[in-house]
2 protein chains.
Amino acid sequence: MEPKIRVLIADDHQLVRKGFVSILEQIPQVEIVADAANGREVLDAFRRGIRADVVMLDYEMPIMNGLETLEQLKKDYFGIKVIMLTMLNERSIIQQAIEKGADGFLFKNTSIEELSAAIFKVHKGEKYFAGEVALALAKPAASIQNQALLELLSERELEILKLVAQGFSSTEIGQQLFISPRTVDTHRNNLIQKLEVKGIAGLVQLAIKNKLV
Amino acid sequence: MEPKIRVLIADDHQLVRKGFVSILEQIPQVEIVADAANGREVLDAFRRGIRADVVMLDYEMPIMNGLETLEQLKKDYFGIKVIMLTMLNERSIIQQAIEKGADGFLFKNTSIEELSAAIFKVHKGEKYFAGEVALALAKPAASIQNQALLELLSERELEILKLVAQGFSSTEIGQQLFISPRTVDTHRNNLIQKLEVKGIAGLVQLAIKNKLV
DNA sequence: GAACAATCTAGTAATTCTACCCGTTTAAAC
DNA sequence: GTTTAAACGGGTAGAATTACTAGATTGTTC
């Protein structure tokens with residue numbers, strides 16, 4: 001018989017924690033070795049010699065949050081797998097967790113099927129991310145106004161906008177395009193007016209957000 | 001007995017296509033209604049009256065690629081579910097697919113378990129993305145130098161960098177922070193030197209890329 | 001082809017930015 | 001306790017910017 005997967009769960013809300021425990025208990029291949037109310041307790045448990053294959057960490061916790069705990073665990077205990085839990089579907093949270101080496105990411109409204117699937121996958125060394133994770137990560141690509149932008153501006157203006165955003169001065173742009181720096185100024189000023197932004201800084205911002213550079 | 005899930009598979013490589021078909025045939029709840037070599041064939045099949053609940057589209061196809069096909073299908077056939085397939089784990093591809101409404105995303109080295117899980121989930125109206133998708137999306141957030149940036153700059157400099165990136169002039173910033181515009185200039189100039197960029201434009205670029213604004 | 005709008009071009013003046021300069025303060029290093 | 005380094009505050013001269021105005025060119029409409 002296969003050894004059970006040892007799981008440790010950390011969440012500051014006792015209700016949530018117990019809920020997860022009772023769900024996990026329904027999975028026969030899983031053994032709960034401990035539960036903790038914050039990151040510090042997780043690390044303390046490990047220092048006392050408790051070992052888990054998969055650690056489930058809530059993101060929002062007092063004293064020591066999930067992200068710090070994740071970092072510490074990954075540093076000190078080679079091979080440990082960590083699944084992050086959160087209620088908030090925020091890009092930055094997810095991104096940071098993934099960067100710090102999280103093996104999985106679930107939301108608290110997950111199902112027992114998804115939970116067990118995640119644990120098994122992660123334990124095998126694979127990654128598991130809830131579908132919503134990909135959605136949240138893909139969203140902020142906004143800047144759809146790109147199309148409107150191309151219609152609003154003339155070719156010359158677009159050309160100059162790109163060069164301005166790359167940090168060239170009027171003089172430099174004038175040399176590149178074989179026109180007077182004054183002319184470049186005029187185009188730049190027209191751009192600032194048309195796009196209703198504040199100075200060069202505004203142009204650069206807009207250019208970057210619309211991926212012109 | 002539940003009606004079977006009708007699946008249509010499109011991939012320009014016959015080998016891959018047949019491979020998927022033979023895998024799908026092992027899933028009893030699934031019925032393959034057609035297979036196609038490109039997007040046009042998919043649309044033609046639909047025009048001939050063939051209906052599928054879930055369409056699996058390869059991203060790279062001649063004549064009409066997966067993305068265009070996805071867009072067309074979602075526009076013309078309400079409620080249809082689409083899973084995108086690809087070999088390439090590239091951010092832009094995934095992002096575009098999600099923006100255009102893809103319900104799932106898999107890589108061609110997927111397993112029968114993952115494939116059937118994806119089909120069932122998507123058919124229920126949920127999303128399914130392979131774990132690697134989230135990884136690919138999180139990666140190009142490059143700006144890891146953010147940390148280095150915070151260490152390199154003083155608080156005051158960071159403060160001024162943010163304001164500069166928001167389009168304020170030295171005079172305006174001076175007024176906000178109750179210091180001389182000359183002093184703002186000095187800080188701005190130090191920033192330009194420290195960060196080795198060209199003028200305001202360079203500062204704005206860097207600030208945006210590091211998400212300071 | 002005259003009238004019209006949009007675009008590209010350019011000049012002038014006022015303002016702002018940039019590249020130097022220096023003194024003070026603060027904290028760490030010797 | 002002196003030395004160093006870093007952050008902060010300010011000045012001046014020259015370059016680049018912004019805000020104006022306006023002529024030349026192009027394409028469109030009637």
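Below, read A as the first sequence line, B as the second, and so on, with proteins coming before strands; counting in each chain starts at 1.
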ask   = Can you check whether A:F20 reaches A:L85 side chain to side chain, under 4.5 Å on heavy atoms?
value = yes

> Got B:K81 and B:V55 here, is their nearest side-chain heavy-atom distance under 4.5 Å?
Replying inline: no

Report task. May I ask you to decide whether B:E114 forms a salt bridge with A:K121, counting only side-chain N to carboxylate O separations under 4.0 Å? Result -> yes

### Pair B:K74 + B:D103, salt bridge at N-O below 4.0 Å
yes

What is the distance, rounded to the nearest whole Å, between atom [atom1] of [X] and atom [atom2] of [N]?
{"X": "B:N190", "N": "D:dA5", "atom1": "CG", "atom2": "C1'", "result": "14 Å"}
{"X": "A:E159", "N": "C:dT7", "atom1": "CD", "atom2": "P", "result": "15 Å"}
{"X": "A:Q175", "N": "D:dA16", "atom1": "CD", "atom2": "P", "result": "9 Å"}
{"X": "A:E155", "N": "D:dG27", "atom1": "CD", "atom2": "P", "result": "12 Å"}
{"X": "A:I179", "N": "D:dA24", "atom1": "CD1", "atom2": "P", "result": "18 Å"}
{"X": "A:I173", "N": "C:dC8", "atom1": "CD1", "atom2": "P", "result": "14 Å"}

Nearest listed nucleotide, side chain of A:K194, among C:dC8, C:dA10, C:dT7:
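Of the candidates, C:dT7 comes closest.
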
_Side chain of A:S154 (C-beta onward), nearest among C:dT9, D:dG11, C:dC8_ =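 Of the options given, the side chain of A:S154 lies nearest C:dC8.
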
- Message: Would you say A:D76 and A:Q72 are linked by a side-chain donor-acceptor pair, where the criterion is simply a distance under 3.5 Å?
- Response: yes

Please tell me if A:T183 has a side-chain N or O lying less than 4.0 Å from either OP1 or OP2 of C:dA10.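 Yes, A:T183 has a side-chain N/O under 4.0 Å of OP1/OP2 on C:dA10.
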
Quick one: is D:dA7 close enough that its OP1 or OP2 comes under 4.0 Å of any side-chain N or O from B:H187? no

Ignoring hydrogens and angles, write down the donor-acceptor pairs under 3.5 Å from the side chains of residues 175-184 of chain B, residues two or more places apart or on other chains.
unit_1 : atom_1 : unit_2 : atom_2 : d
B:S180 : OG     : B:R182 : N      : 2.9

What protein N or O atoms touch nucleotides 17-19 of chain C N or O atoms at under 3.5 angstrom, if any, and at what distances?
unit_1 : atom_1 : unit_2 : atom_2 : d
C:dC17 : OP1    : B:S170 : N      : 3.3
C:dC17 : OP2    : B:S170 : N      : 3.0
C:dC17 : OP2    : B:S170 : OG     : 3.2
C:dT18 : OP1    : B:I200 : N      : 3.3
C:dT18 : OP2    : B:R188 : NH1    : 2.7
C:dA19 : N7     : B:N189 : ND2    : 3.0

